[in-house]
Structure formats: C-alpha cells, structure tokens
2 protein chains.
Amino acid sequence: MSEAGDKLYSFEHSMELFSEAAKVIPGAIYGHVSPTLQVPGFFPYYTARAEGCRYWDIDGNEFIDYMCAYGPMILGYNYRPVEEAAAAQRALANCTNHPAPVMIELAEYLVDTVPTADWALFAKNGGDMTTFAVLVARAHTNRKKVVTVRGHYHGVAPWCTAIGHGGNTPEDHLNNLQVEWNDLEGFATLVRSHPDEIAAFIAMPYHHVTFDHQVMPAPGYWEGVEKICRTEGIVLISDDVRTGFRLHLGGSNEYFGYKPDLITFSKAMGNGYSISACVGRKELKNAAAKVFYTGSFWFSAEPMAAALATLKALQETSAVEKIYRIGKMLMNGLEELGSRYGLEITTSGHPGLPFMRFDEDPDLYMQQIFCAEVTRRGSFFHPHHNWFISAAHTEADINETLNHAEAALKAVKRQLNGVSGRRAII
Amino acid sequence: MSEAGDKLYSFEHSMELFSEAAKVIPGAIYGHVSPTLQVPGFFPYYTARAEGCRYWDIDGNEFIDYMCAYGPMILGYNYRPVEEAAAAQRALANCTNHPAPVMIELAEYLVDTVPTADWALFAKNGGDMTTFAVLVARAHTNRKKVVTVRGHYHGVAPWCTAIGHGGNTPEDHLNNLQVEWNDLEGFATLVRSHPDEIAAFIAMPYHHVTFDHQVMPAPGYWEGVEKICRTEGIVLISDDVRTGFRLHLGGSNEYFGYKPDLITFSKAMGNGYSISACVGRKELKNAAAKVFYTGSFWFSAEPMAAALATLKALQETSAVEKIYRIGKMLMNGLEELGSRYGLEITTSGHPGLPFMRFDEDPDLYMQQIFCAEVTRRGSFFHPHHNWFISAAHTEADINETLNHAEAALKAVKRQLNGVSGRRAII
C-alpha cells in the first residue's frame with residue numbers, strides 16, 4: 001500500500017511477543033476495544049516507552065498518540081510536576097493502614113472546583129465509582145431501578161455490561177431500564193410507567209459509542225432530564241469517567257449546563273495514576289456514608305498526590321482551552337483533507353475527544369484502511385473508538401499528523417481503485 | 001490508664017484533621033473495618049510516613065505495624081528492590097494504550113511458580129478478580145449459581161456483600177447459595193438439591209471473619225470439596241486475595257493441599273502497588289477469554305514491575321518461612337503473657353495472618369482495651385480484624401511489641417479491677 005517516500009511501520013517483534021503472550025494470557029491482550037486485535041498487523045501491540053504526546057512500541061515505531069491511554073494521559077506522559085508530586089508522596093508513604101493527609105486535600109480541592117461536589121471519595125476504577133453512585137442513589141431513595149442510556153459505557157460490572165457478555169446472567173439486569181440517547185419523551189414515558197421505583201438516571205454527558213459518530217445532547221435534553229429527575233426524586237448521575245476534565249474542570253455537566261446529584265470521575269484525573277472519584281451534593285452525603293465500600297489500595301496516597309498535581313496543572317496551564325483548540329485543529333484539518341481528496345470526512349464529538357467517519361463508508365472499510373495507514377506512518381488513530389487529545393499535543397504535532405493523514409488518504413484512494421469490491425478488514 | 005514509665009500516645013492533631021475531613025468526605029475515613037472509627041481516640045488516623053515494618057502518624061506517633069496496610073505490605077514499606085523496579089518501569093512507561101512487555105513476564109512468572117496457573121490476567125482490586133472468576137465459571141459451565149461460605153469476604157460488589165448493606169438489592173443475591181465453613185455435608189446436600197445449576201464454589205483458603213477466632217480447614221474438608229466440585233463439574237475458586245503469598249508462594253491451596261480451578265490474588269502481590277490477578281487451569285482459558293473485562297489502568301506497567309520484583313524477592317529471601325517463624329513468635333509470646341497475668345489468650349490462624357482473643361471476653365471488652373493500650377505504646381493491634389506479619393518484622397520488633405503487650409496487660413488488669421461492670425467501648 002506504500003508509494004515511494006513513505007516509510008511504513010511493521011510490527012514483527014510485536015507479533016512474535018503477542019504469540020508468546022497468548023500462551024499465558026487469555027486472548028494475549030484482553031479488554032480494551034483494540035484495533036490491534038481487530039485489524040491484526042496494522043496497529044501497535046506493546047509500549048516500550050512514552051514521553052509527552054508520543055510513545056514508542058517494542059518494534060521501535062514512534063507514534064503521536066491520539067488515544068492518550070484511552071483517556072488517562074491528559075498532560076503528557078511523564079509530566080514532571082505530576083511525577084514529582086507522586087514521587088514525593090511515595091517517599092513518605094503510599095499504601096498503608098490509613099489515608100494520608102493528601103486524601104483530604106484532594107477532596108477539598110474537588111469541593112472547591114467542582115460545583116456539584118459538596119463531598120468526594122476515591123477508589124481505583126471508574127467502574128468502582130459508577131457502581132457506588134448507583135448504590136448511593138438506592139440508599140438515598142430506597143428504590144431499586146436504574147435507568148441507563150443504550151450504548152453508554154459505565155464499566156464491566158455485570159449490571160452495566162450488555163446481556164450476553166460472557167458470564168453475565170439475566171438476573172444482573174433485573175433492575176435496569178433503558179432509554180435511547182436524546183429521547184427526552186422516552187425517558188418521561190418510562191418514568192411515568194414506573195412511579196416511585198426509579199432510584200437513578202445515569203448517563204455520560206454526551207453520547208459516544210464505538211463504531212459510530214458521537215452525538216451531542218440535543219437542545220433542552222439535559223435541562224429536561226434534570227427537571228424530570230428533580231420532580232420525581234430520581235438521583236441524576238453524570239458519568240464523567242471518560243470525559244472528565246477535558247471539557248470543563250468543574251465537570252462536563254458545567255460545559256453542557258446541567259446540575260447532577262452525583263458525578264463519577266477517573267481516567268484523566270491522575271494523568272495515568274489509578275484513581276477514581278465520586279463527588280456529590282450534600283443531600284446525598286448520608287447515603288454515601290451508609291454504603292459499605294472499600295478496597296485494598298483505595299487509600300494509596302501516590303495516586304492522590306498525582307491527582308492533586310494533575311488538577312492543579314490543568315488549571316494553571318489552561319489545559320482545557322488548549323485541548324479544545326488543538327482538537328479543533330485536527331478535526332478541521334481532517335475534514336479539509338477529506339474534501340480535497342474527494343473522500344468526505346465528518347468529525348464528531350467535543351474536540352477533546354474527537355472521532356471521525358467517512359461520509360460514505362457504512363461498513364468502516366475506508367475507516368480501517370485510513371486509520372491503519374495513518375498509524376503506520378506515526379500517528380495512532382483508532383478506527384472504532386473516540387480519540388483523546390492531551391495538553392501535550394502541539395500545532396506542530398497536528399501538522400505532522402495531518403501529513404500522515406494526507407499520505408494515508410492517498411493510500412486509501414489507491415486501495416479503493418485497486419479492488420473491485422469493498423470489504424472491511426474485520 | 002497509664003502508670004509511671006508508660007509513654008502513651010495521643011491523637012490530638014489526628015482528631016482535628018478527622019473533623020476537617022468529615023466536612024468533605026462521607027464518614028471522613030470510609031471503608032476498612034477500622035478501629036479508629038470503632039474506638040475513637042485510641043488508634044491512629046492518618047499516615048505521615050512508613051518505612052520497613054514501621055510507620056508514623058501525623059501526631060508523630062511511631063508504630064510497629066501488625067496490619068501491613070491490611071495485607072499489601074509484605075516485604076516492608078519502601079522496600080528498595082521493589083521501588084527500584086517500579087521506578088525503572090515508570091521512567092519508561094506506566095499507563096499507555098497497550099501493555100508493556102512486563103505484563104507477559106509477570107504472567108509467565110506466575111505460570112512457572114503457581115501450580116494451578118496455566119494462564120494469568122491482571123486488574124486493580126481483589127474484587128475485580130473475584131467477580132471475574134465467577135463470570136469465568138459461569139461462561140465455562142453455562143450455569144448461574146455460586147456457592148459462598150458464610151462470612152467469607154470477596155469484595156464490595158453487590159453480589160458478594162451482605163444483603164442489607166446500603167444500596168444492595170435482593171436481586172443482587174438471586175444466584176447466590178451459602179454454606180457454613182467446614183460443613184462438607186452441608187455443601188454436598190446443597191449440591192444435590194441444585195443438580196447442574198452450580199457454576200462455582202468460592203471460598204478463602206481458611207476462615208477469617210472479623211471479631212472472632214480464625215478457623216483452619218478441618219481434616220478432609222478441602223479434599224472433600226475438591227472431589228464434589230470435580231464430580232459435579234463445579235468450578236473451584238480459591239480466593240487468595242487476603243492470604244496469598246503469606247502461606248505459600250504457589251498459592252495458599254498448596255499449603256493446605258487442594259487443587260482449585262481458579263485462584264484470585266491481590267493485596268501482597270505488589271508490596272502495596274495496586275494490582276490483582278486471576279490465574280487458572282488451561283481448561284478455563286477459553287472461558288476467561290470470552291468474558292469482556294477491562295479497566296482504564298489495568299495495563300499500567302508500574303504495578304506489574306513492582307509485582308514481579310515482589311514475587312522474586314519473596315522467593316529469594318525465603319520470606320514465607322521468615323513470616324511464619326516471626327508470626328509464631330508473636331502468637332506464642334502473647335499466649336505466654338496471657339498465662340502469666342491470668343488473662344488467658346488464645347491465638348488463631350496462620351502465623352502470617354494471626355489473630356488473638358481473650359478466652360473469657362465474649363463482648364470483646366478486654367480485647368478492645370488491650371489492643372488500644374498496645375497501640376498507644378507503639379504496636380498497632382487491630383481488635384477486630386486478623387493481623388498481618390511481614391518479612392520486615394524482626395525478632396527485636398516482636399520483643400518490643402511483647403513489652404508493649406505486657407504493659408498493656410497490666411493496664412487491662414487495672415481497668416478490670418477499677419470498674420464494677422464490664423462494658424465494651426463500642
């Protein structure tokens with residue numbers, strides 16, 4: 001698929017190691033919706049080193065990273081102020097019998113900067129906190145049902161994964177109700193048909209499903225959801241695990257203008273250190289204290305120190321504005337390139353978590369070739385999952401990536417001209 | 001409660017900070033069955049610094065630690081070879097889009113050293129892996145029911161916490177069945193009454209509930225359980241999250257002589273770094289690959305490098321033998337002191353995770369005073385939860401602790417003589 005001048009990456013050592021890994025790890029690389037597995041041989045497998053907005057795989061290939069560890073990296077890999085804060089705390093104490101004082105500083109910082117937060121507590125996974133939020137809602141309302149939005153991801157706990165995922169049972173979903181995104185009338189109808197039964201409505205601030213465009217909230221949607229929740233005594237949970245701190249430092253709900261009762265954060269909060277948080281309004285604090293919830297590493301102080309340093313650095317460097325600007329530059333650049341080459345591209349989502357699709361590509365055939373060809377030139381583009389932009393990405397990085405994208409578009413055109421029928425790689 | 005010569009700790013600064021924390025954190029210190037909350041003013045609240053088997057709280061009080069972060073610390077806080085391995089990996093890459101090669105090294109190490117392990121995968125919490133193990137068992141057997149032992153702790157997921165915990169619903173327990181510890185006939189009866197319905201039996205290798213003696217497996221118990229599981233096609237899950245690597249480096253089942261299908265590990269595995277693992281027999285590998293299971297930080301390489309260094313150090317330093325010897329010295333010493341002062345003490349459990357109770361103390365009144373008085377002299381004894389011994393504890397540490405215990409026993413006697421009626425502090 002190359003033409004003269006293109007240096008295309010190969011993944012030979014990676015594929016060998018993958019074969020070794022498959023002997024001792026189920027699936028070799030588990031979890032994550034990974035293009036490495038879905039389109040074998042065209043995407044990176046193992047990270048050797050990471051710095052700023054770039055990383056190197058074990059074949060020595062260098063990538064400008066548009067996944068940011070699927071979200072956690074927001075200031076750049078190995079960002080000094082965060083690493084120094086983590087190191088300083090580690091030198092004192094990390095995981096011990098008790099919290100370190102930094103836990104209180106971190107909670108106070110969130111209470112000061114996140115309007116919804118009258119209190120905070122911390123865990124390890126985003127999913128720890130989405131489940132916790134639901135338990136708090138149930139403890140608060142003394143009701144059982146939870147309304148989710150079809151396609152929204154809240155973790156891998158059985159209650160929030162699709163029925164039919166290995167090992168799940170129908171019983172795991174007995175208290176779940178589901179609505180479509182942006183369907184305010186559908187939500188109102190559901191609520192009317194379950195009077196005094198619904199404990200919580202949980203949703204991401206906006207709609208990102210894999211394999212498709214992202215969809216922003218319709219005008220009036222969140223306002224309407226909030227009104228129904230208030231009227232009916234339903235706890236409104238904003239799951240900001242994926243989006244948190246890329247749209248607004250006070251919670252993505254501030255960006256869209258709604259007021260949840262509980263917010264769950266994780267991913268970008270510690271610039272890669274494992275931490276998650278649930279924050280909430282004071283009315284929910286007693287219920288939160290009633291839920292028995294703990295973990296062996298939840299008082300670990302290293303990730304809390306990293307999180308505090310991350311949140312401060314995001315504020316001090318106006319990272320949200322920078323991420324928006326850089327992400328927008330990428331989105332505009334890709335759409336312009338698409339027009340120029342007659343392969344129309346539409347981007348979607350907030351510029352901090354952009355995605356793209358070709359307008360005429362229902363089976364993602366072009367998408368997969370394009371992302372593979374960009375990736376093989378040095379910019380990691382996931383063909384199926386929304387991307388992430390960090391504050392470490394510069395205009396020069398975006399320009400380099402747009403060069404990769406232009407060469408990749410040419411490769412897509414050659415590929416389209418060279419085959420008689422269309423077919424997706426997977 | 002003191003006599004001349006005793007220097008008793010106070011917790012004034014800690015209690016002030018606790019009051020501040022309560023403003024922004026539900027319950028101020030959540031989770032963990034904590035004597036700090038149950039017996040306020042007599043136990044430490046916040047860790048300032050930790051090194052070896054000791055730590056210092058924010059009032060400057062120094063403690064020899066008999067909880068070891070509730071298990072994770074096994075080689076000593078700030079153990080250099082582990083910290084150096086973590087630092088070296090961190091300098092390369094921690095949380096990125098892909099695993100680092102160390103994930104495969106760690107899986108291979110477990111496959112080499114844990115007889116049950118034909119494969120391994122990793123997460124953050126022990127509870128991530130106990131739930132995963134149940135899902136794997138269901139995917140493998142195409143059955144739904146899970147048998148647990150009353151009082152065994154497998155995490156805070158709704159399916160494994162007691163009904164009535166805040167936010168839980170009866171539906172969370174619809175597929176649960178329960179038996180008593182060491183009741184082989186009860187298990188056999190349960191299995192007979194649910195033919196072809198039981199996916200898994202999950203239990204800790206031996207019985208440790210809070211507030212009571214630990215109970216070892218009765219002769220023939222595990223052999224009998226294993227036989228029933230094999231005959232009936234039930235997946236046998238050994239939950240080694242708490243016990244793992246303190247009884248045997250191949251899994252605590254090797255210490256007791258049974259062969260599970262799946263083992264869950266966490267706590268001590270990374271000497272404090274957040275990591276958990278599920279390992280299993282090859283027959284379960286396909287089922288494990290079928291369960292969609294992932295987390296934002298599950299490929300983080302720092303805790304994997306720490307875990308690999310921890311497991312190697314445990315082996316190289318014969319830590320298990322040392323922990324047994326030191327734990328036994330503590331147990332024997334406490335029983336001797338009890339006899340000497342006419343307050344008979346019985347210790348229970350494996351010496352790596354010992355517990356004690358006074359023989360005539362049904363309401364734990366003496367236990368709470370005793371542990372508080374030991375703690376206020378410099379050895380942190382939890383009155384309600386089994387303790388943990390590390391390889392960093394020396395004979396000199398135990399002797400110092402036994403001196404604290406002797407002074408505390410005198411204080412208990414004074415207290416018993418000074419009050420007319422008995423009453424527990426809580």
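Because only heavy atoms are used, hydrogens play no part in the values below, and waters and symmetry mates are left out as well, while side chains stay in. Values in this document were obtained by computation on a predicted structure and should not be read as measured data.
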With chain B, the option among A/Lys282, A/Lys285, A/Met103 that has the most non-hydrogen atom pairs under 4.5 Å is A/Lys285
If you tally heavy-atom pairs under 4.5 Å between each of A/Val102, A/Val291, A/Thr96, A/Asn271 and chain B, the highest tally belongs to A/Thr96
Whatever's closer than 4.5 Å to a heavy atom in chain A on B/Val111 counts as side chain
Looking only at B/Phe63, B/Trp56, B/Phe122, B/Phe132, the option with the highest number of non-hydrogen pairs under 4.5 Å against chain A is B/Phe122
Honestly, the part of A/Tyr293 sitting under 4.5 Å from a heavy atom of chain B is both
| said: Are more than 12 heavy atoms, taken from residues, nucleotides or ligands other than A/Asn142, located less than 6.0 Å from that residue's CG atom? | reply: no
Looking only at B/Thr161, B/Thr131, B/Asn175, B/Asn78, the option with the highest number of non-hydrogen pairs under 4.5 Å against chain A is B/Asn175
Turns out that what part of B/Gln89 lies under 4.5 Å from chain A's heavy atoms comes down to neither
B/Asn176 atom CG, over 12 foreign heavy atoms within 6.0 Å:
yes
Note: vs chain B, highest number of non-hydrogen pairs under 4.5 angstrom among A/Ile58, A/Leu135, A/Asp57, A/Leu110 is A/Leu135
Looking only at B/Ala120, B/Ala107, B/Ser266, B/Ala289, most heavy-atom pairs under 4.5 Å shared with chain A are made by B/Ala120
Taking every heavy atom of A/Ser300 against every heavy atom of B/Gly272, the minimum-distance pair comes out as OG-O, 4.2 Å
When the 4.5 angstrom heavy-atom criterion is applied to B/Phe18 and chain A, the contacting part is neither
| request: Could you verify whether a donor N or O on one side chain and an acceptor N or O on the other, from B/Trp159 and A/Asp172, lie under 3.5 Å apart? | output: no
Within residues 21-30 of chain B, the residues sitting under 4.5 Å from chain A by heavy atom, in sequence order, are B/Ala21, B/Ala22, B/Lys23, B/Val24, B/Ile25, B/Pro26, B/Gly27, B/Ala28, B/Ile29, B/Tyr30
The ring pair (Phe, Tyr, Trp, His ring centres under 6.0 Å) partners of B/Tyr109 (sequence neighbours excluded) come to none
Applying a strict 4.5 Å limit to non-hydrogen atoms, the region of A/Pro158 in contact with chain B is side chain
Bottom line for B/Ile275: the part with an atom under 4.5 Å from chain A's heavy atoms is backbone
Looking only at heavy atoms, the pair that brings A/Pro99 and B/Tyr45 closest together is CD-O, 3.5 Å
(Q) Quick check: do B/Trp298 and A/Asn125 have side-chain heavy atoms less than 4.5 Å from each other? (A) yes
With chain A, the option among B/Arg242, B/Lys290, B/Lys124 that has the most non-hydrogen atom pairs under 4.5 Å is B/Lys124
Ranked by heavy-atom pairs below 4.5 Å to chain B, first place among A/Glu51, A/Glu105, A/Arg143, A/Arg90 goes to A/Arg90
Cut-off 4.5 Å, heavy atoms of chain A, and the answer for B/Met67 is both
The reported gap from CG in B/Leu174 to OG1 in A/Thr169 (rounded to nearest 0.5 angstrom) is 8.5 Å
Cut-off 4.5 Å, heavy atoms of chain A, and the answer for B/Asn168 is both
When every non-hydrogen atom of A/Tyr77 is compared with those of B/Cys95, the smallest separation belongs to CE2-O, 3.2 Å
Whatever's closer than 4.5 Å to a heavy atom in chain A on B/Ala287 counts as neither
Max heavy-atom pairs within cutoff under 4.5 Å with chain B, candidates A/Pro101, A/Ser274, A/Ala93, goes to A/Ser274
- Any side-chain heavy-atom pair of A/Thr47 and B/Phe299 under 4.5 Å: no
With sequence neighbours left out, the residues meeting salt bridge (Lys or Arg N to Asp or Glu O under 4.0 Å) with A/Glu283 are A/Arg281
If one checks every heavy atom of B/Ala48 against chain A at 4.5 Å, the contacting part turns out to be backbone
Open item on the list: Do B/Phe43 and A/Asn97 have side chains that approach each other closer than 4.5 Å (heavy atoms only, starting at C-beta)?
Closed with: no
Hits for salt bridge (Lys or Arg N to Asp or Glu O under 4.0 Å) against A/Lys144, two or more places apart or cross-chain, chain-then-number order -> B/Glu171
- Establish, yes or no, whether a centroid distance under 6.0 Å links the rings of B/His98 and A/Phe380. yes
Turns out that what part of A/Ala91 lies under 4.5 Å from chain B's heavy atoms comes down to backbone
Applying a strict 4.5 Å limit to non-hydrogen atoms, the region of B/Glu83 in contact with chain A is side chain
Smallest heavy-atom separation, B/Gly167 atom then A/Arg138 atom, equals O-CD, 3.1 Å
Should B/Thr294 and A/Tyr70 count as side-chain neighbours, where that means a heavy-atom distance under 4.5 Å? no
Heaviest contributor of heavy-atom pairs below 4.5 Å to chain B, chosen from A/Val134, A/Asp128, A/Thr141, A/Val136, is A/Asp128
